[in-house]
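Scope of the values below: all heavy atoms of this structure, side chains included, with no hydrogens, waters or symmetry mates. Letters go in sequence order (proteins before strands), and every chain restarts at 1.
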There are 2 protein chains.
Amino acid sequence: MGNTNVTTLHKPASAQYPIHDLISHRWSPRAFSDQPVDQATLKSLFEAARWAASAANKQPWNFIYATRENPEAFERLAAILVEANSVWAKNASVLILTVAKRGEYAGHEYTTYYELGMAVGNLVTQAVELGLATHQMGGFDKAKAIADLNIPEGYDPITVLAVGYPGNHETLPETLREREIAERTRKAQDEFVFEGSWK
Amino acid sequence: MGNTNVTTLHKPASAQYPIHDLISHRWSPRAFSDQPVDQATLKSLFEAARWAASAANKQPWNFIYATRENPEAFERLAAILVEANSVWAKNASVLILTVAKRGEYAGHEYTTYYELGMAVGNLVTQAVELGLATHQMGGFDKAKAIADLNIPEGYDPITVLAVGYPGNHETLPETLREREIAERTRKAQDEFVFEGSWK
């Protein structure tokens, strides 16, 4: 949250009950600056992911990343994205593919994806602390990811994250700029929180 | 983190790179005090979950909770747990069943579980801020949860969380006490973070 660029758009959650700034200040912009993300910062992001909870401490999360300092690796990762994502995500300083290990929890096979999500939740929270923006994408070619990034049998790529310092949203193409400034909205709590049993 | 009970066990992560206290101080104890968790605090926990990211803002997360102030609902939720969990989790002030909506993302069906995990990640981070302990459990009877808690077709219960203020670990049965004081460990980053492609 140390970014002082006056062109940076801030969109804190319009929370109805108090929540910590690290949670309310996270959102998913498409505008990134070209400031590099250094290795120490990347290590802190993955360290946050590392300390997430998992059943029997199996830690089924995995990450493949590329920075723009390594153009060949960065292009290979960017190339798995759908065009609607790559058009802006290619300007992020870092791309991270998240990968879940299958088969860890007999009878509870979906827990592995859930735990990957918790690890990424820690990562994006730590990113806010470090002044970084993150934007997660489901729109990518899974088969191409598996083939081009050499992902072994038994592992599922789930999302790609664009990570970088916030940029100037006024430089985005007009259609993206409109989405960038749109209000953040969520369902009311009574639509997804139930006391006692489902209602 | 405002709990001043001297019997409370603290187990901050032995992080190798800097991470925020809200992440490093989260762990999964089994000892809970009998101090109730009030409604305003619960609202903040679910509010944190509410502002997680999701593809197309679908927010596929759902929660069923029960507090010990409502014994009938609490017992019904506790009864879905395996015995190894209910023996200690029944002393928590709150139990929360997490439930993912299926079928939101064609071709990326696992994203719903991942996003539920991110929402819970926010919840457990907010819990640390509020001085609460959380312990997630995969060990419960899914079919019983669906039947007894009236969960509709198309939704998957994934975990149960025990939530409450930290208790005195010296009151736990001996086998649990040993696990409670055991060192927290994680894989090294180079086992799950890869640059460029899987190695």
Side-chain angles (χ1 to χ4, degrees), chain A residues 13 15-20 22-24 28 40 43-44 46-48 50-53 55 57 59 61-66 70 73 100 105 108 110-111 113-118 120-122 124-126 129 136 138 149-152 156 158-159 185-187 189 192-198, chain B residues 13 15-20 22-24 28 40 43-44 46-48 50-53 55 57 59 61-66 70 73 76 100 105 108 110-111 113-118 120-122 125-126 129 136 138 149-152 156 158-159 185-187 189 192-198:
Chain A
Q16 298 181 324
Y17 303 93
I19 57 175
H20 196 279
L22 288 183
I23 295 169
S24 61
S28 302
K43 293 283 192 190
S44 280
F46 293 122
E47 190 70 13
R50 183 175 175 236
W51 288 97
N57 202 24
Q59 310 162 60
W61 44 75
N62 299 269
F63 303 97
I64 300 174
Y65 77 93
N70 185 340
Y105 307 109
H108 291 264
Y110 299 141
T111 300
Y113 309 107
Y114 168 93
E115 291 174 349
L116 175 65
M118 282 203 294
V120 175
N122 273 4
V124 300
T125 299
Q126 181 66 37
E129 167 70 6
Q136 303 183 51
L149 303 176
N150 201 27
I151 295 169
D156 288 315
I158 300 295
T159 52
T185 59
R186 290 294 187 277
K187 297 177 190 172
Q189 282 201 23
F192 67 92
V193 180
F194 309 109
E195 183 173 5
S197 66
W198 198 281
Chain B
Q16 297 182 325
Y17 303 94
I19 56 175
H20 196 280
L22 287 184
I23 294 169
S24 63
S28 302
K43 293 284 193 189
S44 280
F46 294 123
E47 190 70 13
R50 183 175 175 236
W51 288 97
N57 201 25
Q59 310 161 60
W61 45 74
N62 299 269
F63 303 97
I64 300 174
Y65 77 93
N70 185 341
R76 191 167 52 226
Y105 307 109
H108 292 263
Y110 300 141
T111 301
Y113 309 107
Y114 168 92
E115 291 174 350
L116 175 65
M118 281 202 295
V120 175
N122 273 4
T125 300
Q126 181 66 37
E129 167 70 6
Q136 303 184 49
L149 302 176
N150 201 27
I151 295 169
D156 288 315
I158 300 296
T159 53
T185 60
R186 290 295 188 276
K187 296 176 189 171
Q189 282 200 24
F192 66 92
V193 180
F194 309 111
E195 183 174 4
S197 66
W198 197 282

- request: Can you measure from OG (B:Ser24) to CZ (A:Arg50) and round to the nearest 0.5 angstrom?
  value: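 Those atoms lie 12.5 Å apart.
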Can you see which heavy atom on [X] is nearest to which on [Y], and at what distance?
X        : Y        : value
B:Gln59  : A:Lys187 : OE1-N, 2.7 Å
A:Ser28  : B:Ala53  : OG-CB, 4.4 Å
A:Ile158 : B:His108 : O-ND1, 4.4 Å

Best-contacting candidate, [options], against chain B by heavy atom pairs under 4.5 angstrom:
options                                : value
A:Ala66, A:Ala40, A:Ala48, A:Pro152    : A:Pro152
A:Ile151, A:Thr111, A:Val124, A:Thr185 : A:Thr185
A:Gly121, A:Ala73, A:Gly138, A:Ala55   : A:Gly138
A:Leu116, A:Ile23, A:Asp156            : A:Ile23
A:Tyr114, A:Phe46, A:Trp61, A:Tyr65    : A:Tyr114
A:Phe63, A:Tyr17, A:Tyr105             : A:Tyr17

Give, as side chain, backbone, both or neither, the part of [X] having an atom under 4.5 angstrom from any heavy atom of chain A.
X        : answer
B:Glu195 : both
B:Arg76  : side chain
B:Ala15  : both

[X] side chain to [Y] backbone, donor-acceptor under 3.5 Å:
X        : Y        : answer
B:Arg186 : A:Ala52  : yes
B:Glu47  : A:Ile19  : no
A:Ser197 : B:Asn150 : no
A:Asn62  : B:Val193 : no
B:Asn70  : A:Gly196 : no

field: Single hit among A:Thr125, A:Asn122, A:Val120, A:Thr159 for side chain to side chain contact (heavy atoms under 4.5 Å, CB included) with B:Met118
entry: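 In the set A:Thr125, A:Asn122, A:Val120, A:Thr159, the residue that makes a side chain to side chain contact (heavy atoms under 4.5 Å, CB included) with B:Met118 is A:Val120.
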- request: With sequence neighbours excluded, tell me which residues meet ring-ring contact (aromatic ring centres under 6.0 Å, His included) with B:Tyr113.
  value: A:Tyr110
With sequence neighbours excluded, residues passing ring-ring contact (aromatic ring centres under 6.0 Å, His included) with A:Phe194: A:Trp198
